[in-house]
Amino acid sequence: MLVALTIATAVAALALAAWCGFAAYRDQPTKDWHFIGMGVVTFLATLQLIVGIVQLARGEQAEQGTTIFVAYLIGAFACIPAAGFMSLAERTRWGSITVAAGGVVLAVLEVRLYDIWGG
């Protein structure tokens with residue numbers, strides 16, 4: 001795994017969580033700017049998914065097992081889009097809270113991915 005990409009994804013996810021948490025504090029739903037931020041974080045997670053699959057295809061192995069590593073990769077990839085879709089259904093401050101929680105979950109998944117790979 002690329003450590004820099006893992007750190008960048010986790011930091012971007014936490015920044016998105018803080019941004020959406022601030023919007024929830026101000027009693028605002030997710031807005032277009034938040035969805036652009038979600039797109040950036042999702043792009044980073046997509047890059048990580050591709051890098052992880054390429055490394056596995058080259059024969060490298062995750063220290064704690066390939067199956068759990070791939071499961072965490074897919075979960076990390078799907079985390080922010082799922083939260084974004086849920087925030088579309090809830091157009092109140094709770095939508096912003098949902099995305100903020102998704103950002104925190106993604107950051108935790110990134111730490112776990114690093115640990116599974118053998119970091």
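This is a predicted model, so every value here is computed, not measured. What's counted below: heavy atoms across the whole structure, side chains too, no hydrogens, waters or symmetry copies.
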Which donor-acceptor pairs under 3.5 Å do side chains of residues 84-91 form with protein atoms, sequence neighbours excluded?
from: S87; atom 1: OG; to: T30; atom 2: OG1; distance (Å): 3.4
from: S87; atom 1: OG; to: G84; atom 2: O; distance (Å): 2.7
from: E90; atom 1: OE2; to: T92; atom 2: OG1; distance (Å): 2.8
from: R91; atom 1: NH1; to: T30; atom 2: O; distance (Å): 3.2
from: R91; atom 1: NH1; to: T30; atom 2: OG1; distance (Å): 3.0
from: R91; atom 1: NH2; to: T30; atom 2: O; distance (Å): 2.8

Can you give each donor-acceptor pair under 3.5 Å made by side-chain atoms of residues 14-26, sequence neighbours left out, with the distance rounded to 0.1 Å?
none

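Counting Ile, Leu, Val, Met, Phe, Trp and Tyr side chains that sit under 4.5 Å apart, directly or through other members, W94 shares a hydrophobic cluster with I97.
W117 approaches Q55 most closely through the heavy-atom pair CZ2-OE1, 3.6 Å.
More than 12 heavy atoms of other residues, nucleotides or ligands lie within 6.0 Å of CZ in F35, so this atom counts as buried by the packing criterion.
Pairs engaging residues 61-87 under the salt bridge (charged side-chain N to carboxylate O under 4.0 Å, His left out) rule: none recorded [sequence neighbours left out].
Atom CG of residue D32 and atom CD1 of residue I36 lie 6.5 Å apart, to the nearest 0.5 angstrom. In this structure, OH on Y72 lies 9.0 Å from CD on Q64, to the nearest 0.5 angstrom. Atom CD1 of I7 and atom CG of L2 lie 11.0 Å apart (nearest 0.5 Å). With rounding to the nearest 0.5 Å, the separation of CD in Q48 from CZ in F77 is 12.0 Å.
When the side chain to side chain contact (heavy atoms under 4.5 Å, CB included) test is applied to A76, the partners found at least two apart in sequence or on another chain are L106, L109, E110, L113. Residues satisfying the side chain to side chain donor-acceptor pair (under 3.5 Å) test with Q28, not counting sequence neighbours, are none.
In this structure, L56 is a member of the same hydrophobic cluster as I74, with clusters built from ILVMFWY side-chain heavy atoms closer than 4.5 Å. Criterion: ILVMFWY side-chain heavy atoms under 4.5 Å apart, direct or through other members. Under it, M38 and V40 are not part of a common hydrophobic cluster. Criterion: ILVMFWY side-chain heavy atoms under 4.5 Å apart, direct or through other members. Under it, I80 and L44 are not part of a common hydrophobic cluster. Grouping the Ile, Leu, Val, Met, Phe, Trp and Tyr side chains by contacts below 4.5 angstrom, directly or via other members, places V105 with L49. A continuous path of hydrophobic side-chain contacts links I53 to I68 [ILVMFWY only; heavy atoms under 4.5 Å].
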